[in-house]
There are 2 protein chains.
Amino acid sequence: MNIGQAARASGVSAKMIRHYETIGLIVKAARSLSGYRHYQARDVHTLRFIRRARMAGFSTVQIKKLLSLWQDRQPAREVKQLAAEHLIDLQARITELESIAQALTQLIEHCHGGERPECPILDNLAGDEPAR
Amino acid sequence: MNIGQAARASGVSAKMIRHYETIGLIVKAARSLSGYRHYQARDVHTLRFIRRARMAGFSTVQIKKLLSLWQDRQPAREVKQLAAEHLIDLQARITELESIAQALTQLIEHCHGGERPECPILDNLAGDEPAR
DNA sequence: ACTTGACCTTCCAACGATGGCAAGGTTCAG
DNA sequence: CTGAACCTTGCCATCGTTGGAAGGTCAAGT
């Protein structure tokens, strides 16, 4: 299977497959005589794993660990730990975004939105307190 | 006022002040004979505006618009519109992160976390459904 | 055989916002 | 005059992903 087929089968773009290879996230693919990479079903499986982990917001570093935990059948403890750390990260980001959204909502509510220029949103950005 | 003073006064690093200048977010600073940039109080004010807008999660492109709305005293309508669009963005990001976090929470709950390798988190990434 | 189009290769660059470092010039106080 | 603190430009790195350019390969149609 060439890289294009592997890409379609896994949902990871050929571009990214090559990239993952260069950063060492996946092992170097076998090559044909003419230099084409070729892939097996298990490589596609791995790529799909990576794609799903990316969708879950794991960083490539984390995915690297997850992959080794997966492929070496390490104790679930470690996986759980990693996932829990990531979850804490996610929650922190959510909380931060929420407080920004909350402040912005307030400001928008208080803006008349008409043709006059005065606007609490701008006033807030310009002046008193940061929009947090 | 030199760039360092402007940086301290505005909370924007000197690095970023130069960067904002190169990308055209702020106008080119006046220079001394020896090439030092120098700033007025109103520049600091502008920088503070930018810093607050960044903290509120606006992109530089959006900030560029906000700045011109602010400085040209355009109708509040336009500001409100821009802020509302940004808010929708924020909310979409929050929603997405929340659904990821929710799925991950589920998976973590179902993981025994012990020394055996089998783990629903890995199973999920490897197999059936994406972690959304 | 030959052309064509789809595919593959590598390398280089960009996004957005920021930090860091290096090599060199300037300013000011001691 | 020297040293510290400041400034200048420029390049590199992050992180994940995408795009392009220039060129080689393959398979199908003529």
### Query
Tell me, do A:Ile50 and A:Tyr20 make a side-chain contact under 4.5 Å, heavy atoms counted?
yes

### Task
Side-chain contact test, heavy atoms from C-beta onward, threshold under 4.5 Å: evaluate it for A:Ile26 versus A:Asp43 and give yes or no.
no

### Nearest listed nucleotide, side chain of B:Ile3, among C:dG20, D:dC7, C:dA17
D:dC7

### Task
Could you tell me whether the side chain of B:Met1 reaches within less than 4.5 Å of the side chain of B:His38, counting heavy atoms only?
no

### Query
For B:Met55 and C:dG16, what is the distance between atoms CE and C1' respectively, to the nearest whole Å?
18 Å

### Task
Round to the nearest Å and state the distance from B:Leu25 atom CG to C:dG16 atom C1'.
12 Å

### Task
Keeping the roles fixed (side chain from A:Gln5, backbone from A:Asn2), state whether a donor-acceptor pair exists under 3.5 Å.
yes

### Minimum-distance nucleotide to A:Ser59 side chain [options: D:dC11, C:dA17, D:dG16]
D:dG16

### Query
What's the closest nucleotide to the A:Met16 side chain, out of C:dA17, C:dT9, D:dG16?
D:dG16

### Query
Is it true that a side-chain atom of A:His112 and a backbone atom of A:Glu118 form a donor plus acceptor pair closer than 3.5 Å?
yes

### Euclidean distance, atom CD of residue A:Glu21 to atom P of C:dT10 [Å, nearest integer]
8 Å

### Query
Which heavy-atom pair separates B:Ala56 from B:Leu90 by the least distance, and what is that distance?
O-CD1, 4.4 Å

### Whole angstrom value for the distance that separates P of D:dT18 from NE2 of A:His19
10 Å

### Summary
the helix from C:dA1-D:dT30 to C:dG30-D:dC1: angle between terminal helix axes, five bp per end, to the nearest 10 degrees, reads 30°

### Task
Give the rounded distance in Å between these two atoms: CE of A:Met1 and P of C:dC8.
12 Å

### Task
Can you tell me the distance, in whole Å, between the CZ atom of B:Arg93 and the P atom of C:dG16?
14 Å

### Query
Does anything in residues 26-44 of chain A reach DNA chain C, meaning a heavy atom under 4.0 Å, and if so which residues?
A:Arg31, A:Gly35, A:Tyr36, A:Arg37

### Closest nucleotide among C:dG20, C:dA17, D:dT18 to the B:Thr60 side chain
C:dA17

### Query
If only atom types and distance count, is the side chain of B:Glu21 paired as donor or acceptor with the main-chain N or O of B:Ala29 below 3.5 Å?
yes

### Summary
Side-chain contact check for A:Lys15: nearest option of D:dC11, C:dC8, C:dC11 is C:dC11

### Task
Taking the side chain as every heavy atom from C-beta outward, state whether A:Lys64 and A:Ile23 have any atom pair closer than 4.5 Å.
no

### Query
Rounding to a whole Å, what distance do you find between A:Ile23:CD1 and D:dA13:C1'?
15 Å

### Summary
Taken to the nearest whole Å, CZ/A:Arg18 to P/C:dC12 is 16 Å

### Message
So, does B:Tyr20 get its side chain near the phosphate of C:dT18, meaning an N or O under 4.0 Å from OP1 or OP2?
### Response
yes

### Task
Answer yes or no: does a side-chain N or O of A:Arg54 lie under 4.0 Å from OP1 or OP2 of D:dT17?
yes

### Query
Taking the side chain as C-beta and beyond, is there a heavy-atom pair between B:Val44 and B:Arg48 under 4.5 Å?
yes

### Query
If we only count heavy atoms from C-beta on, is the B:Glu115 to A:Arg77 side-chain gap below 4.5 Å?
yes

